[in-house]
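First up is the structure itself, then whatever we jot down about it.
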Amino acid sequence: MHFVKLIIGKFRELIVKCALRMSLLLFLTSILFFACSRNDEAEPYEPTPYIINIPYGFPTNLNIPEDNPMTVEGVELGRYLFYDGRMSGRTHPDSLMSCATCHMQANSFECGVDHPVFTGGFTFGLSGAPTHHVMLPLINLVWNNTGLLWNGKISKDNPDSHYQKLEDLVWMGVVAKHEMSGDTNRTKALIKSIPGYPEMFRKAFGTDEVTMDRISKAVAQFVRTLISSDCKFDKYMRGEYQLTPEELRGFVLFTTEEGADCFHCHGGFGNPLFTTNLFYNNGKDVEFTDPNDRFSITGKPSDKGAYKATTLRNIRFTGPYMHDGRFATLEEVIEFYSHHLQNSPYINPLMHHVANNGVQLTPNEKADLMAFIETLRDETFLTNPAFSRPEKLPGENK
Amino acid sequence: MLSKFSNGCLSGFAKIWLLILFFTACSDKENPPTPGEGKITFNFSHYNNNEPLQYDTMIYINAAGNHYLVNEIQYFISDVKLCRSDGTYQLIDQWKDIHYVDTDLPETHSWHVFDPILPGDYERITFTFGITELKNQSLMFVNPPERDMFWPEVLGGGYHYMKLNGKWLSASGQILPFDFHLGIGQIYAGGVVIIDSITGFIQNYFEVNLPNSSFTISEGDELIFEIRMNVENWFQTPIVYNHDDWGGDIMQNQDAMHIGCVNGKEDVFSFFVMNNKHNN
């Protein structure tokens with residue numbers, strides 16, 4: 001009995017301690033609440049949640065960090081910053097650079113081969129330094145959970161917390177020699193000095209403080225809205241479009257092992273992202289010297305010469321192709337997979353057609369396959385005004 | 001209110017509320033056995049010649065004499081049944097009836113079964129390798145990694161039962177990739193492997209009777225079982241599988257997939273009880 005009383009006593013003691021702690025917490029929270037509300041009395045911080053509607057057949061798991069929930073105001077600020085050349089921290093016309101300088105909507109947020117500055121699609125930064133690899137498009141990244149960049153360096157698996165999220169690519173873009181070649185202090189000071197932006201930051205984040213963290217978060221929010229889900233093949237999946245005989249033959253080739261055998265890496269009906277977002281050595285080479293391949297991230301020998309399988313959505317606009325841009329046209333890519341695969345100890349086992357140097361498509365089959373790939377062109381994405389440059393950026397005269 | 005707490009004068013309602021909070025806060029996230037029931041966990045392991053499987057190294061020789069390596073294995077098991085001697089069984093189907101295993105993803109190597117297990121003696125455990133026709137529906141998995149097992153619509157739809165990817169030293173002396181993929185087979189009119197000649201599909205999923213899988217579970221027990229895949233047996237019993245004969249891909253080759261299914265049913269899987277934790 002004494003033991004029972006002892007237990008009850010201890011239990012009461014525990015409850016009293018908890019109650020005291022909760023009261024203290026409540027008190028502190030109240031102070032914080034009233035302190036904040038006094039500043040925001042004029043216009044309270046009430047961001048509108050930005051809801052992503054999951055298109056038919058698309059994944060339901062979204063890559064949205066807990067510390068950067070999407071809001072309408074955050075996305076809008078991100079859109080303005082995405083297109084603002086002053087993100088480079090400079091104002092001279094020759095030194096302006098924004099995300100959109102290279103990531104052009106008309107080319108699926110890639111620079112494409114027809115860029116007026118980056119001839120052939122080979123990009124370089126304000127310092128003149130070339131990028132390690134050619135670009136990847138900003139498309140459907142809200143579903144990329146395996147890592148960003150060709151080698152997947154930017155990933156939640158990266159032990160360095162500065163290289164884990166889409167947000168990190170934004171500040172990296174500001175400081176990288178092969179991109180804006182700036183520094184974050186200049187960028188945030190310049191953005192802060194532009195009338196209109198502090199107000200947008202307040203709407204997006206509660207106060208008008210401009211930080212690189214907030215800049216990165218806003219741009220990342222905008223990039224996560226860049227969703228392609230309205231190409232001909234999407235409409236086919238939804239029962240709104242019937243593929244032509246040529247497109248259908250191409251689809252069959254795309255999705256069969258005895259055909260072009262694209263689906264294991266590039267998806268299909270069961271994976272409308274048209275990429276697994278995984279990394280493969282696809283038989284381009286027999287020697288591997290690139291210090292930035294997937295092997296550089298994982299250290300697994302089987303990852304030598306491996307790179308991310310790119311999405312085939314809008315692939316027509318995102319040349320040049322492969323990590324090093326060795327192919328200028330899609331036709332060259334199909335030719336490579338058809339006849340020029342190279343075997344090596346590191347080629348991915350899914351590339352079993354290497355036994356015959358490739359999938360050996362006939363000219364008619366190549367045309368059919370191309371017709372199917374063209375069904376992945378998403379004009380809605382390429383012209384969506386919500387993704388486009390704002391009519392007027394803060395501080396602009398025109 | 002605080003003084004009431006201090007004086008130990010909690011109301012009856014408050015006491016009950018706090019007790020509920022206390023117990024829910026302390027509940028085991030692992031979902032422990034509820035009174036009158038037990039729990040089980042399946043661990044999945046992969047062996048070759050009685051040793052843990054080594055990946056990406058050409059150290060294995062199959063019954064046909066092919067030197068080969070394994071890069072990765074991905075597969076589904078479903079409809080696990082705990083069978084009693086009187087012919088009744090308990091189907092594992094609460095919250096989840098299909099489990100995905102990926103040798104590259106350690107988190108898939110254990111399945112903590114949600115279903116409470118009724119105490120008693122069980123004669124054997126069976127499961128479906130792959131997914132039955134009824135359940136194997138396209139787009140039921142929209143998220144990776146299960147999503148990436150999709151089996152193309154024109155080949156029957158649904159999902160691969162298994163991808164076993166590797167390489168072998170071919171008769172020509174080249175090291176070539178093989179994709180030993182099992183799923184729905186196709187019947188091609190006249191044996192001409194073009195989509196237009198498909199006249200029907202063959203459901204290749206099969207039931208595995210795990211050998212020596214009898215067990216007894218009592219109230220409060222938390223048993224851990226190992227389901228072991230013996231990779232060499234995919235290629236040797238009862239039918240010898242020669243990679244030189246079947247080549248790198250078999251998704252459109254029902255004869256090759258049939259061998260895989262016959263061998264898979266035979267002795268690819270074995271069973272072990274890892275613990276026998278009695279909590280009573």
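Per chain, numbering begins at 1; letters A, B, ... match sequence-line order. Basis for what follows: all heavy atoms, side chains included, without hydrogens, waters or symmetry-related copies. Note that the structure is predicted; figures quoted are calculated from it, not measured.
Below 30°, between 30° and 60°, or above 60°: for His264(A) and His181(B) the angle between ring planes is above 60°, a perpendicular geometry.
Listed in order of number, the residues of residues 342-355 of chain A that approach chain B to under 4.5 Å between heavy atoms are Asn343(A), Ser344(A), Pro345(A), Tyr346(A), Ile347(A), Asn348(A), Pro349(A), Leu350(A), Met351(A), His352(A), Val354(A), Ala355(A). Contacts with chain B (heavy atom to heavy atom, under 4.5 Å) involve these residues of residues 250-257 of chain A, listed by number: Val252(A), Thr255(A), Thr256(A), Glu257(A).
For Asp56(B), the part lying under 4.5 angstrom from a heavy atom of chain A is the side chain only. At a 4.5 Å heavy-atom cutoff, Leu69(B) makes no contact with chain A through either its backbone or its side chain. Of the atoms belonging to Ile175(B), it is backbone heavy atoms, and not side-chain ones, that fall under 4.5 Å from chain A. Contact of Asn71(B) with chain A is made through the side chain alone, with heavy-atom distances under 4.5 Å.
Heavy-atom contacts from other residues, nucleotides or ligands closer than 6.0 Å to NE2 of His258(B) number 12 or fewer. In Gln94(B), the CD atom is crowded: over 12 heavy atoms of neighbouring residues, nucleotides or ligands sit closer than 6.0 Å.
Looking at Asn143(B), its side chain does come within 3.5 Å of a backbone N or O of Thr60(A) through a donor-acceptor pair.
Of all the heavy atoms in Asn271(A) and Phe150(B), the pair that sits closest is CB-CE2, 4.0 Å. In terms of heavy-atom proximity, Tyr56(A) sits nearest to Leu139(B) at OH-CD1, 3.4 Å.
Per-residue heavy-atom pair counts under 4.5 Å with chain A were compared for Ile194(B), Val193(B), Asp249(B), Asp196(B), and the maximum is reached by Asp249(B). Among the candidates Ser138(B), Pro144(B), Ser172(B), Gly166(B), the residue making the largest number of heavy-atom pairs closer than 4.5 Å to chain A is Gly166(B). Per-residue heavy-atom pair counts under 4.5 Å with chain A were compared for Lys163(B), Met140(B), Glu153(B), and the maximum is reached by Glu153(B). Per-residue counts of heavy-atom pairs under 4.5 Å with chain A were compared for Met58(B), His160(B), Glu72(B); the largest is that of His160(B).
Looking only at side-chain heavy atoms (C-beta outward), Asp148(B) and Leu278(A) come within less than 4.5 Å of each other.
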